[in-house]
Number of protein chains: 2
Amino acid sequence: MSSRSRSARRVVGITEVARHAGVSPGTVSNVLNRPERVAEATRLRVEAAIAELDYVRNSSGSSLRSGRSASVGLLVLDVTNPFFTEVARGVEDEAAESGLAVVLLNSAEARERQQRNVRLLAEQRAAGAVVMPVDDDLSDLVWLSRQGTSWVALDRGDVAEDVGCSVSVDNHAGGMAAGRHLVGLGHEQVTFLTGPFAIEQVRRRHEGLRAAFEEAGMDPDAAVRVVELPLLNPAQGERAVDKILAGGPRQRPQAVFCANDQLALGVMKGLGRRGLRVPDDMSVVGYDNVDLADLVHPGLTTVAQPKYALGRAAMRLLDSELNEAEHVHERVLFTPELVVRGSTAVYRP
Amino acid sequence: MSSRSRSARRVVGITEVARHAGVSPGTVSNVLNRPERVAEATRLRVEAAIAELDYVRNSSGSSLRSGRSASVGLLVLDVTNPFFTEVARGVEDEAAESGLAVVLLNSAEARERQQRNVRLLAEQRAAGAVVMPVDDDLSDLVWLSRQGTSWVALDRGDVAEDVGCSVSVDNHAGGMAAGRHLVGLGHEQVTFLTGPFAIEQVRRRHEGLRAAFEEAGMDPDAAVRVVELPLLNPAQGERAVDKILAGGPRQRPQAVFCANDQLALGVMKGLGRRGLRVPDDMSVVGYDNVDLADLVHPGLTTVAQPKYALGRAAMRLLDSELNEAEHVHERVLFTPELVVRGSTAVYRP
DNA sequence: CACCCCGATTGAAACGTGTCAATAACTTTC
DNA sequence: GAAAGTTATTGACACGTTTCAATCGGGGTG
C-alpha cells in the first residue's frame with residue numbers, strides 16, 4: 001500500500017460549495033469577496049458549506065480571471081546577507097497588513113539570476129515587486145513594468161523618477177559621518193575598502209568619506225586610499241589585509257573604512273591574525289550595523305542603516321502605487337546614523 | 001501626464017501568438033511544452049512570433065489547467081537566522097536544476113504565521129514544500145498533504161514515516177561530539193544553554209551531551225546543568241550569563257555548551273563584559289557553525305551542520321516524491337562534525 | 001390592485017492554458 | 001495509383017474564478 005493518501009478526496013471548488021449550500025457559484029464568490037452584498041442567512045449557509053467541505057480557494061483561478069495575482073515579489077541580492085534579511089522582515093510585516101503575499105526570490109548577486117527571477121514574476125503576473133537591483137542596468141525592470149508589474153527599487157537612490165519609485169539611504173551622508181568621526185579622532189591616513197565601484201552605493205560612500213576630509217581642510221587624495229575588491233564578504237576582507245598593510249609600517253593607514261560590516265569583520269580577523277590590535281594599532285569602521293557588529297570584541301563602529309524601516313517603506317510605497325489610479329513615482333531617502341563602538345579610537349602615533 | 005505606461009500594450013496570450021504565427025493555439029502550447037512533437041519549420045515560426053510579440057506565459061493558466069503550480073514553498077523558521085539562509089541556498093540551487101520556482105515564506109517562529117503560510121501554499125496549489133516546522137504539532141502539514149501538496153520536513157528527525165519525508169542532522173551525535181570534546185579537555189561542570197525543550201532538536205543534543213559524560217564514567221546529573229531560555233538569539237545568550245554565573249565562583253561551570261551559535265556568541269560577549277576570558281576562565285561551544293563563528297575572537301568551537309547539503313537533499317527528496325508514481329516516505333540523516341577553534345581549552349583549576 | 005423599486009441572487013461569459021481525439025497532409029509500399 | 005501507415009496539426013473543451021447584466025421576489029406606494 002502506498003503511503004500517499006492524497007487522491008482520497010478531490011480538492012473541492014467553488015461550484016461544489018455552491019451546490020452544497022444550494023446557491024449559485026456567483027453567490028459563493030460574493031461571500032468570499034464582498035460579504036456585505038449577500039444576505040445574512042445565505043452567507044451563514046455558504047460559510048457552513050465552506051467549513052464542512054474544507055474548501056480552499058484556488059488562486060490560479062482568481063488571478064487568471066483578474067489578470068493579476070495577489071502576491072508581490074521581493075528580489076534580494078543575497079539571502080545570506082543579514083542586511084537583506086532585516087529588510088525582508090520589514091517588507092513582510094507591511095505586506096501582511098495589506099493582505100499581500102510575499103514571495104522571496106534570491107538573485108545571488110548574479111545578473112542572470114535576477115533576470116530569471118524577473119521573468120518568473122512576469123509569468124506569475126505578480127502585482128508588484130520590491131527589488132534590490134544587482135547593478136546599474138535596470139532594463140529588466142523596465143521590461144517588467146511594461147508587462148504590468150510595478151516595482152520599487154530598494155537601496156538604489158539613482159533611479160530616475162520617470163522609471164520607478166525608490167527607497168534608499170543617503171550613502172553620501174553615511175560615508176561623511178564615518179569620515180567626520182575618523183577625522184575627529186585625528187586620523188590622517190585612511191583606507192577605503194570596498195566592493196566594485198560599479199555599485200553606486202559604495203561610490204557615494206566614498207565621496208562622502210572624501211568630503212569629510214575636505215571639510216576639515218585636508219587633501220582627500222592624500223588622506224584616502226582605495227582598495228577595491230570583487231565581492232563584499234568576510235573572506236575577501238580578511239585577505240585584503242595584506243593589501244592594506246602593503247608598503248610596510250611606514251605607510252600603514254591609521255584606519256580602515258569598509259563598505260560593509262562583513263568586510264569589516266573579516267578585516268578585524270585578519271588584523272588579529274597578524275598580531276595587530278583594534279583599535280590601538282588600527283581603527284576599523286563598518287557599514288550596515290548588522291546584529292553581529294555588537295557581538296564581536298571590540299564592538300564594531302559602523303554606520304547603521306534603518307533596515308527594517310527601509311523594507312516597510314518600500315512595501316508601503318508599492319502598495320500605494322498599486323492602489324492609486326494615477327501614480328507618480330516617488331523617491332524616499334533615509335538618513336543613516338553612526339554607531340560608535342570599540343573598534344575606533346584616537347590616533348596615537 | 002502619468003508616469004505609468006503599463007496600459008500601453010495589452011499583455012499577449014497564447015492565442016495571439018498562434019494567430020500571428022498562423023497556427024492553432026494547441027500548436028503553440030506544444031512548442032512550449034513538448035517541442036519534439038512539432039515540425040522544425042512551424043516551431044521556428046512560432047518561436048519567432050513569441051519573440052516578436054514578447055510573449056510571456058501566464059502561469060495562472062497553466063496551473064489552473066493542470067491543477068498544480070510549478071513552484072515549491074520553502075517555509076523557514078526565521079529568515080534572519082544564518083542557518084536557514086544557508087539551507088535556503090541549497091534548496092534554491094537544487095530546485096533551479098529541476099526547473100521549479102522557490103517561494104520563500106517566513107514563519108518567524110510563530111505557529112500562527114506558519115499556519116497562514118501553509119494555507120497560502122494550498123491556495124496556490126503549490127507542487128510541494130520544504131518545511132521547518134515551528135513545533136511538534138504537524139497537523140497543519142497533514143492537512144497540507146490532504147490538499148495535494150507534498151512536503152519534506154527539515155531538521156526534524158522525529159517525523160513518523162507514514163506522515164512525511166524528513167531530512168535532518170543527528171542531534172544526539174552532535175551533542176555527544178561536543179560532550180566528548182569537553183570531557184577530553186578535563187571539564188567536569190558544564191552548563192547546557194538551550195531554547196525550549198519543546199523543541200525536539202535541543203532535547204536530543206542534551207541527551208547526546210549527557211551520554212558523553214556517562215560514557216566517561218561520570219554522572220550526567222552532577223556534571224550537566226541546564227539553563228532553558230525562551231528564544232535562541234544573541235541577546236538572550238548575553239542576558240543568560242547571569243544565570244550561568246549564579247551561585248558564585250565556587251559553583252561556576254567550567255564550560256558552556258549552547259544549543260546554537262547565536263546564543264554562544266551572546267554568551268561570549270556577556271562573559272567578556274564581566275571580565276571573564278574565553279577560554280581561560282570558561283570554555284564555550286556553539287552549534288551550527290555559522291559564518292561568523294570563524295570571525296569572532298577567539299574563534300568559536302562549534303558543531304557544524306551541513307547546511308547547504310541539507311537544503312539540497314531536502315529538495316532532491318521532494319523532487320523525487322513529486323515524480324514517483326508510488327512514493328514511500330523516506331528519512332535522511334546527516335552526521336554533524338565538531339569544528340574546534342579557540343573558544344575551548346583544557347580546564348586548569 | 002397595479003406599479004415601481006430595491007436588494008438579493010442567478011446565469012452566462014471570459015480569462016489563458018493543456019489535452020486528446022480527430023483530421024489532414026504526407027510517405028511508403030505493393 | 002490506391003491503400004496503408006506515419007506524422008503534424010487542429011478544434012473543442014475543461015479547469016475555477018469573477019463579473020455584470022438580467023431576473024427574481026417582496027415590500028412599499030399611488
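Proteins come first, then strands; the chains are lettered A, B, ... in the order of their sequence lines, and each starts at number 1.
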Any idea which of D/dG11, C/dT10, C/dG16 is nearest the A/Ser24 side chain?
C/dT10
Could you tell me whether B/Val23 contacts a base, only the sugar-phosphate backbone, or nothing, with contacts defined as non-hydrogen atoms closer than 4.0 Å?
sugar-phosphate
B/Arg37 atom CZ, over 12 foreign heavy atoms within 6.0 Å
no
So which one's nearest nucleotide on DNA chain C is more toward 5', A/Pro25 or A/Glu36?
A/Glu36
Of the listed C/dT17, D/dT18, C/dT9, the closest approach to the A/Val38 side chain comes from C/dT9
Contact class for A/Thr27 (heavy atom, under 4.0 Å): base, sugar-phosphate, or nothing?
base
Any base atoms under 4.0 Å from A/Thr42, or only sugar-phosphate, or nothing? Heavy atoms, all strands.
sugar-phosphate
For B/Leu64 and D/dC15, what is the distance between atoms CG and P respectively, to the nearest whole Å?
9 Å
Rounded to whole Å, how long is the line connecting atom CG of B/Asn30 with atom C1' of C/dT17?
12 Å
hbond_proxy B/Arg65 side chain to C/dT17 base (donor-acceptor, 3.5 Å cutoff):
no
Would you mind reading off the distance between A/Asn33 atom CG and D/dT19 atom P, rounded to a whole angstrom?
7 Å
Could you tell me the separation between the CZ atom of A/Arg19 and the P atom of C/dG11, rounded to a whole number of Å?
14 Å
Quick check on D/dG16: is either OP1 or OP2 less than 4.0 Å from any side-chain nitrogen or oxygen of A/Ser60?
no
Rounded to whole Å, how long is the line connecting atom CG of B/Leu44 with atom C1' of D/dA8?
15 Å
Does the side chain of B/Arg125 get closer than 4.0 angstrom to OP1 or OP2 of D/dC15 through an N or O atom?
no
Quick one: label A/Arg34 by what it contacts on the DNA or RNA (base, sugar-phosphate, nothing), any heavy atom closer than 4.0 Å.
sugar-phosphate
With heavy-atom distances below 4.5 Å as the criterion, would you say the side chains of A/Val87 and A/Val130 are in contact?
no
Side-chain N or O of A/Asn58 closer than 4.0 Å to phosphate OP1/OP2 of D/dT17
no
In whole angstrom, what separates B/Arg57's CZ from C/dG18's C1'?
10 Å
Under a 4.0 Å threshold between the charged nitrogen and the carboxylate oxygen, would A/Arg312 count as salt-bridged to A/Glu94?
yes
Atom CG of B/Leu32 and atom C1' of C/dT19: how far apart are they, to the nearest Å?
14 Å
As an exercise, state the distance from CD of A/Glu36 to CG of A/Asn30, rounded to the nearest 0.5 Å.
8.5 Å
Quick check for you: among D/dA8, D/dG16, C/dA8, whose closest atom lies nearest to any side-chain atom of A/Ala39?
C/dA8
Given atom CD1 of A/Ile14 and atom P of D/dC15, what is their separation to the nearest angstrom?
15 Å
When the nearest nucleotide of DNA chain D is assigned to A/Ser29 and to B/Ser66 on a heavy-atom basis, which residue is associated with the more 5' position?
B/Ser66
In terms of the nearest nucleotide of DNA chain D, which residue is placed more toward the 5' end: A/Tyr55 or B/Arg45?
B/Arg45
Roughly how far apart are B/Gln147 CD and B/Leu121 CG, rounded to 0.5 Å?
11.5 Å
When you look at B/Val23 and B/Val31, which way does the side chain to side chain contact (heavy atoms under 4.5 Å, CB included) test go after all the steps?
CA-CA 11 Å; B/Val23 296; B/Val31 170; over 6 Å; no
Among D/dT17, C/dG18, C/dG16, which nucleotide has an atom closest to any side-chain atom of A/Ser62?
D/dT17
